[in-house]
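Inspection log for the structure reproduced underneath, given as structure tokens.
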There are 2 protein chains.
Amino acid sequence: MSKAERTREKILDAALELFREHGYEATTMRMVAEQAGVSTGNAYYYFASKDMLLQAFYREVHDAHVAASAPVLRDAKVFRDRLLGVMLKKLEVIEPYHRFSALMFRSAADPRSPLNPFHPAGDDIRHEGEALFAAVVDGARPRPPKDLAADLPALLWTYSMGMVLYWIHDHSESRQQTRAFIERTVDLVATSVRLAGNPLLRPLRRKALALFRDLAPQR
Amino acid sequence: MSKAERTREKILDAALELFREHGYEATTMRMVAEQAGVSTGNAYYYFASKDMLLQAFYREVHDAHVAASAPVLRDAKVFRDRLLGVMLKKLEVIEPYHRFSALMFRSAADPRSPLNPFHPAGDDIRHEGEALFAAVVDGARPRPPKDLAADLPALLWTYSMGMVLYWIHDHSESRQQTRAFIERTVDLVATSVRLAGNPLLRPLRRKALALFRDLAPQR
DNA sequence: CCGCTTGTTTGAACACGTTCAAAACACGCC
DNA sequence: GGCGTGTTTTGAACGTGTTCAAACAAGCGG
């Protein structure tokens with residue numbers, strides 16, 4: 001591990017600790033630098049901006065989520081159970097960061113943020129997210145309709161972002177509201193996926209899917 | 001018109017002009033003050049923050065949209081046509097501000113922003129938006145199912161926010177993409193509303209509506 | 001050991017949004 | 001006109017994220 005890598009690590013660790021303790025806004029770059037035993041300029045040598053520190057955090061959370069989801073994806077067979085399990089794991093993983101994750105999601109709506117679902121530069125982060133939901137879909141028995149299955153990962157990822165948005169504003173005791181949100185919306189999603197196979201709904205489903213494909217910007 | 005009101009106006013005008021010309025970020029409070037022929041501190045006497053100037057702008061845009069929608073709501077009868085007309089008017093009204101509206105929407109996802117749909121303090125702005133869509137629904141013949149009609153305004157307002165989000169990232173020639181987005185999603189929405197009356201879909205519809213009501217934070 | 005290049009690190013400086021004590025003003029009242 | 005009180009207005013000052021020229025360190029070929 002080179003000196004540079006160690007310095008980078010020191011800065012990131014300091015930042016995450018301070019974020020957890022004081023929240024994102026209240027943590028200044030000078031604080032981060034001091035905690036890491038480094039100059040402010042040096043922090044900028046490794047992270048182009050304060051937001052980049054946030055992104056590094058996002059990566060860590062995602063990895064933790066993937067790891068936590070592994071058992072669910074191994075054991076659960078039915079689509080609904082797989083989705084429910086993965087969503088609840090996400091909730092678990094992000095819970096410790098409730099205080100400051102708000103800011104992370106704020107940036108997700110910013111056109112210039114790579115976290116933004118519409119942003120071309122944020123491909124890796126989004127793709128990794130979609131990959132997880134692809135695993136949810138792929139392992140599900142019975143299989144959802146094929147055309148739907150193709151777009152389902154992207155749709156589910158968007159859905160999970162919606163869950164996070166809800167969670168951010170949830171100040172209920174031990175986040176019951178979000179738990180309820182997940183349980184009920186997962187059922188709704190699962191029902192929709194099941195119903196989407198119905199012939200009566202074929203035109204609507206095809207319209208919706210075509211729309212999603214045609215209009216999705218840069219993919 | 002008192003002196004204070006004139007000063008306030010001067011500052012707001014200066015801000016909107018500079019926003020249009022240079023965008024939101026590039027416009028500094030010092031520039032606004034100078035353009036208005038006033039001190040920086042004075043700008044803060046009338047507007048608590050730079051964001052508040054943005055909100056004032058938002059109000060102006062909304063008023064313009066309501067005015068532009070009036071003929072549509074007078075003439076069109078079918079739900080689909082009313083919705084389509086109002087959405088296209090919105091597109092027209094916001095078009096001149098494409099360069100800097102991105103920032104406005106970014107703040108809409110910020111939990112602390114009153115523009116945020118989940119935020120309790122942003123009630124007036126949201127309610128005014130919903131009121132417009134209530135007019136879209138109320139005047140429609142044939143009428144949509146009653147229980148759906150109750151929640152439609154809120155749903156449609158959320159939908160229109162989605163359109164704006166899409167528009168922000170649309171850099172196509174004369175915003176064709178967003179135009180296509182509107183035309184196709186309006187059809188999709190109209191179809192969904194029509195289908196929602198079908199008995200087969202009643203359980204799903206009731207589930208979805210109950211969810212929307214139960215989980216909508218602070219309303 | 002010396003120069004050279006390349007990769008790190010520093011800390012002062014910049015422009016920004018925002019605050020605040022104090023100054024300037026407006027206006028009713030004696 | 002002068003006083004007093006509340007409203008406007010000022011501009012210096014604060015702390016922020018960020019930049020940058022310059023200093024330093026680390027390897028490397030001679």
Side-chain angles (χ1 to χ4, degrees), chain A residues 1-19 21-58 100 102-104 106-107 110-115, chain B residues 1-19 21-58 100 102-104 106-108 110-115 121:
Chain A
M1 198 180 193
S2 74
K3 181 145 180 254
E5 276 169 335
R6 262 183 289 122
T7 308
R8 202 192 126 93
E9 198 87 346
K10 266 195 308 183
I11 294 168
L12 184 55
D13 287 350
L16 294 191
E17 181 178 335
L18 289 171
F19 286 170
E21 193 168 350
H22 304 111
Y24 178 77
E25 301 263 84
T27 302
T28 73
M29 288 301 271
R30 285 166 182 81
M31 285 162 69
V32 171
E34 193 184 1
Q35 172 102 347
V38 123
S39 71
T40 55
N42 198 216
Y44 279 92
Y45 181 76
Y46 289 99
F47 298 91
S49 68
K50 205 181 168 187
D51 277 355
M52 290 297 148
L53 284 169
L54 213 49
Q55 274 196 62
F57 155 80
Y58 193 73
F100 85 93
L103 273 295
M104 189 180 65
R106 179 204 61 155
S107 76
D110 189 326
R112 289 154 319 173
S113 161
L115 292 181
Chain B
M1 198 180 192
S2 73
K3 178 136 182 265
E5 277 168 337
R6 262 183 289 122
T7 307
R8 201 193 128 93
E9 197 88 346
K10 267 195 309 185
I11 294 168
L12 184 55
D13 286 351
L16 294 191
E17 182 178 333
L18 289 170
F19 285 169
E21 195 169 348
H22 306 110
Y24 178 77
E25 300 263 85
T27 301
T28 73
M29 288 301 271
R30 285 166 182 81
M31 286 165 68
V32 170
E34 194 182 3
Q35 172 102 344
V38 122
S39 70
T40 54
N42 201 273
Y44 278 92
Y45 182 72
Y46 288 100
F47 297 92
S49 70
K50 204 181 170 189
D51 278 353
M52 289 299 148
L53 284 169
L54 212 49
Q55 272 196 62
F57 155 79
Y58 193 73
F100 84 94
L103 272 296
M104 192 181 62
R106 180 203 61 153
S107 76
D110 190 326
R112 288 154 321 172
S113 162
L115 291 181

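Chain naming here is simple, since letters A, B, ... match the order of the sequence lines and numbering starts at 1 in each.
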Bending between helix ends of the helix from C/dC1-D/dG30 to C/dC30-D/dG1 [5 pairs per end, 10° resolution]: 30°

Show me the protein contacts with nucleotides 21-26 of chain C, counting only N or O atoms at under 3.5 Å.
none

Quick check for you: name the first and last nucleotides of DNA chain D, 5' to 3', having an atom under 4.0 Å from a heavy atom of chain B. D/dT7 to D/dA13

Should B/Tyr24 and B/Lys50 count as side-chain neighbours, where that means a heavy-atom distance under 4.5 Å? yes

DNA chain C contacts among residues 8-15 of chain B, heavy-atom distance under 4.0 Å: none

Protein-nucleotide distance (B/Leu53, atom CG; C/dG17, atom C1'), rounded to Å: 12 Å

Please figure out whether A/Gly41 or A/Thr27 has its closest DNA chain D nucleotide nearer the 5' end. A/Thr27

Using a strict heavy-atom distance below 4.0 Å, which residues from residues 29-37 of chain B are in contact with DNA chain C? B/Met29, B/Arg30

Which residues pass the side chain to side chain donor-acceptor pair (under 3.5 Å) test with B/Gln35, sequence neighbours left out? B/Glu17

Could you tell me which non-hydrogen atom of B/Val32 sits nearest to which non-hydrogen atom of B/Ala14, and how far apart they are? O-CB, 3.8 Å

What contact category does A/Ser2 fall into here, base, sugar-phosphate, or nothing, at under 4.0 angstrom with non-hydrogen atoms? nothing

Within the 4.0 Å heavy-atom criterion, would you say B/Phe47 contacts the bases, only the backbone, or no part of the nucleic acid? nothing

